[in-house]
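Heads up, the thing below is written out as structure tokens.
Heads up: numbering here begins at 1 and tracks the sequence. Order of listing sets the numbers, starting from 1, for every ligand and every atom in it.
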Amino acid sequence: MGAIFSGVLENRDGILHIDGVSTIRLAEEFDVPLYVLSENRIRENFRRLRESLLKYYGKIRIYYSAKANTNIAVLKILADEGAYLDAVSPGEVFLALKSGFQPEKILFTGTSVRDDELKFLINSGVTINIDSLSQLKRLLNFYIPKILSVRVNPEIGAGHHEHVITAGRNSKFGIWETDVVEAYNMALEAGVEKFGIHMHIGSGILEIEPFLLAAEKLLKIAQNVHEKLGLTFEFIDFGGGLGVPYRPEDKPLDLNSFAEKMLNLFKCRIEEYHLGKPYFCLEPGRFIVCDAGILLTRVNTLKVTPFKKFIGVDAGFNTLIRPAMYGSHHPIVVANRLHEQEEDVYDVVGPLCESGDILARDRKLPKVFEGDLLAILNAGAYGFSMSSQYNSRPRCAEVLVNKGKYALIREREKIEDLLRGQLIPEWLK
Ligand code: LLP
């Protein structure tokens, strides 16, 4: 099954098991499409990142980027591991607080933030990471926080697709270098006492180089702020973006080398620039949950045309949008035929009425039959969290597994849920 398989996936007599549980059994018990997440793999990913960083520096924080997967069971696992949390909406703050994150451990990094949202954040007691001078002015009109962070655009972006590059000239995110001193000065004059500085350059990055280049830039900007205003930083946050291999030819990010190079640069510059001893922070989402999750879907229809063989399944881009949105490749296996040779080439397509409803193109798989169960791998990040009810299909369920145990962590929506919140005006009654 290749190296793409994380430690929790196993072939037992030709049947895919996740963390000791048969996928066939899960599909029968909970129906499909179904997201299945491994608690162990989430913990393992968090721990191996933490341990790699701690080898080189003692003051580190890992902010789990909730947008990758906001199921409250996942949040609870990470709160339990001692994670901090990166939130981008009041909804994510709400879910994180409900899952046991202390407000002091939550950093809010929004863009295009409304005044009522700022008030909600102030009342919640989370730390705010400012994305624009406008947002900063509006915030300081209502409230002077004790601690404040500024998101900087370091002008170096990277990522697996144009849509996920979040720094550089075309990016809407962060404060441009020329405005950074003004931002900190405004906050300082208003009475803010403690500061953080932040960047996030993009998502799905498998090379170390872009992180290093952008980190060098961010540290230089921090030095400039320190020299001009005399302030130091509680934390320096280098964002998320740590990639995970999806294609067989993708090389995993070398975690140890990443930690060593980033922290050597960090330690060197904080000393050289007299920045004290700030926390070194990262904000990974994908790295923590991606390979901990799979999506199970059943083959409904086989259609052979003179040009193509289509496998029609019950998950579409309403369930997993990444292939349609970014052309992303997700490994796919036939969960009930793992021992069979790949001998046919198929397009795996969903039930939506759009030609773009494709989960995989020209994929080599064993001979597939109607009723077979497919597992789409690496689906734990940006899978459920980007799903929708498009074509009026209720959203699917999620299950958590742990060493042979399993539990439903999100109920499948019912057809009646499609009516929730909808109203018919008086004049149509
Ligand atoms: N911090 C900030 C401020 C972010 O905007 C993001 C992701 C992260 C951290 C976490 O990035 P990660 O470690 O997961 O790469 N939907 C896309 C990914 C969009 C990421 C947006 N921001 C996908 O499915 O590939």
Side-chain angles (χ1 to χ4, degrees), residues 35 42 45-46 49 61-70 74 78 83-89 92-93 96 106-113 126-132 149-154 157-168 171-175 196-207 210-211 214 218 235-247 250 252-253 255 258 262 281-293 295 317 319-330 359 376 378-388:
Y35 276 102
I42 296 172
N45 286 339
F46 183 83
L49 179 58
R61 287 179 183 170
I62 300 174
Y63 288 77
Y64 167 59
S65 190
K67 62 181 82 61
N69 192 319
T70 33
V74 172
L78 289 158
Y84 285 65
L85 188 119
D86 157 45
V88 290
S89 67
E92 286 186 357
V93 170
I106 300 175
L107 180 66
F108 177 89
T109 301
T111 186
S112 193
V113 184
V126 304
T127 305
I128 300 175
N129 193 24
I130 288 292
D131 184 65
S132 65
S149 176
V150 172
R151 176 174 186 170
V152 173
N153 179 342
H160 69 79
H161 186 276
E162 189 193 341
H163 292 350
V164 302
I165 298 174
T166 50
S171 174
K172 66 174 177 171
F173 297 104
I175 293 188
I197 190 164
H198 172 279
M199 71 175 195
H200 170 71
I201 62 170
S203 191
I205 308 164
L206 287 166
E207 308 82 42
F211 288 108
L218 184 71
F235 64 86
I236 304 187
D237 187 332
F238 296 93
L242 286 78
V244 165
Y246 287 83
R247 296 174 188 273
D250 285 347
L253 184 78
L255 200 54
F258 170 84
M262 283 293 279
C281 308
L282 290 179
E283 279 174 1
R286 189 188 313 271
F287 184 85
I288 307 292
V289 288
C290 177
D291 67 6
L295 170 62
F317 76 61
T319 327
L320 177 69
I321 203 172
R322 303 192 70 259
M325 188 149 171
Y326 313 114
S328 302
H329 175 106
H330 282 259
L359 296 172
I376 302 175
N378 276 358
Y382 306 107
F384 188 93
S385 65
M386 293 180 83
S387 68
S388 72

As a test of reading the model: which N/O atoms of the protein lie under 3.5 Å from N/O atoms of ligand 1, and at what distance?
from     : atom 1 : to     : atom 2 : distance (Å)
ligand 1 : 1 (N)  : Asp86  : OD2    : 3.2
ligand 1 : 1 (N)  : Glu283 : OE1    : 2.6
ligand 1 : 13 (O) : Gly241 : N      : 2.8
ligand 1 : 13 (O) : Gly285 : N      : 2.9
ligand 1 : 14 (O) : Gly285 : N      : 3.4
ligand 1 : 14 (O) : Arg286 : N      : 2.8
ligand 1 : 14 (O) : Tyr382 : OH     : 2.6
ligand 1 : 15 (O) : Ser203 : OG     : 2.4
ligand 1 : 15 (O) : Gly241 : N      : 3.3
ligand 1 : 16 (N) : Tyr326 : OH     : 2.8
ligand 1 : 24 (O) : Arg322 : NE     : 2.6
ligand 1 : 25 (O) : His160 : NE2    : 2.7
ligand 1 : 25 (O) : Arg286 : NH1    : 3.4
ligand 1 : 25 (O) : Arg286 : NH2    : 2.7
ligand 1 : 25 (O) : Arg322 : NE     : 3.4
ligand 1 : 25 (O) : Arg322 : NH2    : 2.9

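Ring-plane geometry between Tyr63 and Tyr84 is classed as tilted, the angle between the planes lying from 30 to 60 degrees on a 0 to 90 degree scale.
With Ser171 contributing its side chain and Thr166 its backbone, the two residues share a donor-acceptor pair below 3.5 Å.
Note: Phe287 CZ to Leu253 CG = 7.0 Å, rounded to the nearest 0.5 Å.
Between Phe173 and His200, the distance from one ring center to the other does not fall under 6.0 angstrom.
Looking at Asp86 and Lys67, a side-chain N of the basic residue comes within less than 4.0 Å of a carboxylate O on the acidic one, giving a salt bridge.
Thr109 pairs in a side-chain contact (heavy atoms from CB on, under 4.5 Å) with only one of the listed residues (Ile128, Thr127, Asn129), which is Asn129.
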